[in-house]
Protein chains: 2
Amino acid sequence: MEKETTIYDIAERLKLSPATISRALNDHPAINHDTKSIIAATAQQMGYRANMFASNLRRQRSNTIGVIVGSLTSSFMSSVLAGMEQVANEASYNLIISQSLESAKKEIANARTMFDSRVDGLLVSVAYDTDSFDHFEPFIRKKIPLLFFDRVLTHKQCTSITIDNAQAGYEATSHLIEQGCRRIMHVTGSLKRNVYADRLAGYRQALMQHNLPIDESLIMVTALDREAGIEAARRLQAMDNRPDGMFITNDFCAASSIIALQKLGLSVPNDVAVVGFNDDTVAQIVAPQLTTIHYSGITMGEVAAKSLINHLTGVQDILTTNRIILRSELVIRESSLHGRVRS
Amino acid sequence: MEKETTIYDIAERLKLSPATISRALNDHPAINHDTKSIIAATAQQMGYRANMFASNLRRQRSNTIGVIVGSLTSSFMSSVLAGMEQVANEASYNLIISQSLESAKKEIANARTMFDSRVDGLLVSVAYDTDSFDHFEPFIRKKIPLLFFDRVLTHKQCTSITIDNAQAGYEATSHLIEQGCRRIMHVTGSLKRNVYADRLAGYRQALMQHNLPIDESLIMVTALDREAGIEAARRLQAMDNRPDGMFITNDFCAASSIIALQKLGLSVPNDVAVVGFNDDTVAQIVAPQLTTIHYSGITMGEVAAKSLINHLTGVQDILTTNRIILRSELVIRESSLHGRVRS
């Protein structure tokens, strides 16, 4: 690799002292504007790079934030990352991103890499099957702030950012009941994860409050992918006492289920009313359009990144904050208008 | 921040020499397996972090790859990033990701940050309105490998990775013609970008080869978003000599157009046959399912990251490679089966 341009090279070229070059490049008030401009232009022309590495090493800071998500191809996670990137970018932080591919084993390796890469802080949405906090302990011991978002682990020194998933699950299910549904299938993901466990709790609570029986055979734990949606539709159609509603905690899986139901000769919402979760773009593309729980991935990403950066820059101590709950709301579209369509 | 654990601390704790600790942590063959295990366990327990910073500084390597994309919320780009992350992760490279939000100005700032962050290489898909190579020149001067993917700039020292967009545009249009379409609207993005310019060239070529007139009023340059899809449907419906086909170079925009056409009382494919581009998940969700050009974002990401890493590790010199063309194929679904449905 070719030799790195230093402030000494720039000083020699311009016949100025290295101290002047250094001050100008750091925007020191003692150097006048014209001199700064000339120095900046020369530095750029000579290919000078601010020595972030060395200065970060001195300051014990890397100015990078690590992010671990389950999968980069998730539509919701893409929005979260977009929100994080915007906030980090504005605050001059780099974002190092990795995915666990929903495997605890890979998440452990990723956490180790982030630790060795000396991230200043870590933002994590945990994998489907993570069931230990051990791989995050090194961050706690090192006082590196650790913040969980969406799929969270609880730990007294970590902040978590979620919506009220139990409330959202309750609203989705209550809505179906209000539309006249009496047997509601619930298709969800790993109950190790707060998001799915809480939504299920909300589902149960809504049924109980409306004096409806809880039939465990109507609760399906799946990978929430396309195949799961098709399988759920098949299972529903084959049941003797066929459900008249479905609450599926992922829009893409719900859209896949709607199409499968239609292929099986069932009408949505007439035969089966369907509610999804996330308000992904697909919710407005599928026919009928999908009733779903809306919450903003962009906002979740922005809040997560901002909270972490505020902590790092001393604006606000995140360790005092246990949980941050973001807003969510039920968005009613055609897929669930059961009663009205029937009447 | 608390004091960093060093090999000297570990040496003191274990009553071993710092040289032994250092060798053990670097997996030196002179140290036996049991000693290595004890040292590794102690290092982990004491919160020791491999000093990547310092060693990278010595080696003039950061072991990070920078990625600049137009938007992180694009479904296609999410797949590309997932592919890149997998390859980078396996090769122990970190991925620093930023988005230009389709603005050349932000792309310039992002390139500067990547340069100052001393990325070992840079992977770029350029913004809608980028029209200069200047902000990438510092990488060329510094011999930092620069690789463009999907939306590329041509430069004799850079490799580009794309599909054959002209061929894909030709196939999409020819397919519509074969289905009996005679007036085909083309909805596309900024013609500054190779992907859109090339697809348009393919569209023109197909019309010419089939002796169909090229009507410039049928070519719409848009942002390829939801609104663009609706606007295209409206315009089509309002035309005196109404087009019977649409080739829209983005699936999400095409799906939005299909729904808008249906709302305007037009049938797809009976009145208007539609072909999209990308084979996003939405293509199989919209009704009727969308005929589209399939190409794998994951593969593009994998190839881009692998090419760059092979160059960095000396396995293969990327500077000898001018272009890498990946496969694409027309996937025929119901949205375009014009003739057959008619007959």
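In the text below, chain A, chain B and the rest are named by the order of the sequence lines, each starting its count at 1.
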Contact origin within [X] toward chain B - heavy atom pairs under 4.5 Å:
| X | answer |
| --- | --- |
| A:Ile259 | side chain |
| A:Asp280 | neither |
| A:Ser71 | neither |
| A:Gln44 | both |

Nearest heavy atoms of A:Leu146 and A:Phe136, plus distance in Å: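 Looks like CD2-CB, 3.5 Å.
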Leading residue by heavy atom contact count with chain B [cutoff under 4.5 Å; candidates [options]]:
| options | value |
| --- | --- |
| A:Asn89, A:Ile258, A:Thr5 | A:Asn89 |
| A:Gly47, A:Pro138, A:Ala255 | A:Gly47 |
| A:Thr64, A:Asn110, A:Leu95, A:Leu101 | A:Leu95 |

Which portion of [X] sits near chain A, non-hydrogen atoms under 4.5 angstrom:
| X | value |
| --- | --- |
| B:Ser75 | neither |
| B:Ser92 | neither |
| B:Gln262 | neither |
| B:Glu137 | neither |

Qualifying residues under ring-ring contact (aromatic ring centres under 6.0 Å, His included), relative to B:Phe149, sequence neighbours excluded: none
All ring-ring contact (aromatic ring centres under 6.0 Å, His included) counterparts of A:Phe252, not counting sequence neighbours: none
Interatomic spacing from CG in B:Asp9 to CD1 in B:Ile21 - rounded to 0.5 Å: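 These two atoms lie 10.5 Å from each other.
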Inter-residue atom distance B:Glu107.CD - B:Ser132.OG, 0.5 Å rounding: 9.5 Å
Note, A:Thr281 side chain near B:Val282 side chain (heavy atom, < 4.5 Å):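 The answer is no; the side chains never approach within 4.5 Å.
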A:Leu122 vs A:Ile65 side-chain heavy atoms within contact, under 4.5 Å: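 Side chain of A:Leu122 against side chain of A:Ile65, heavy atoms only: no contact under 4.5 Å found.
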Residues of residues 76-83 of chain A with any heavy atom under 4.5 Å of a heavy atom in chain B: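 Interface residues of residues 76-83 of chain A: A:Ser78, A:Ser79, A:Leu81, A:Ala82.
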Partner set under salt bridge (Lys or Arg N to Asp or Glu O under 4.0 Å) for A:Arg226, not counting sequence neighbours: none
From CA spacing to verdict: side chain to side chain donor-acceptor pair (under 3.5 Å), B:Ser125, B:Asp150: CA-CA 6 Å; B:Ser125 177; B:Asp150 203 45; 4.8 Å; no
